[in-house]
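Predicted, not measured: the structure shown is a model, and the values here were computed from it.
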Amino acid sequence: MHLPDEDDDERLTSADGVSEQKLMAELKEENDPARPVQVIGPAFGPDVDLPALRRIATATGGAAYLIRDPRQIRELFRRSAALKICDDPRRCPAG
């Protein structure tokens, strides 16, 4: 699970961080279908780049969620657990 902070958008595009394009390439290179690792990205606050977080999560078979109310976190963990136990990513529930 990736817990983004307000600086993540800047790091994804700055010279000091990793670009989204490079991150996607690394995720693809490191992917092991026999042992998949799914990125689950909860997005908190109005300044989060939700589309970018969704692209990253989707590339790993994970999901991104916009959290507007702290009570939604329980549902996020329920859905994340459903993704974790799904053994066929083509049939896993969408985030």
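Residues satisfying the side chain to side chain contact (heavy atoms under 4.5 Å, CB included) criterion with Pro33, sequence neighbours excluded, are Asn31. Taking Ile67 as the reference, Pro42, Phe44, Tyr65, Gln72, Ile73, Leu76 meet the side chain to side chain contact (heavy atoms under 4.5 Å, CB included) condition, with sequence neighbours excluded. With sequence neighbours excluded, the residues forming a side chain to side chain donor-acceptor pair (under 3.5 Å) with Asp69 are Arg71, listed by chain and number.
A donor-acceptor pair under 3.5 Å is absent between the side-chain atoms of Thr58 and the main chain of Arg55, judged by distance alone.
Atom CD1 of residue Ile56 and atom CG of residue Asp49 lie 8.0 Å apart, to the nearest 0.5 angstrom. Here Lys22 contributes atom NZ and Glu29 contributes atom CD; the two are 10.0 Å apart, rounded to the nearest 0.5 Å. Taking CG of Leu53 as the start and CG of Leu66 as the end, the distance is 10.0 Å to the nearest 0.5 Å. Of the inter-residue distances, the one linking Glu20 atom CD with Leu27 atom CG reads 10.0 Å to the nearest 0.5 angstrom.
Across all their heavy atoms, Ala64 and Arg54 have their closest contact at CB-CG, 3.6 Å. Listed here is the closest heavy atom pair of Ala43 and Leu50: CB-CD1, 3.8 Å. When every heavy atom of Met24 is checked against every heavy atom of Ala59, the shortest pair comes out as CE-CB, 3.5 Å.
Under the 4.5 Å side-chain criterion, counting only non-hydrogen atoms from C-beta, Val48 is not in contact with Pro46.
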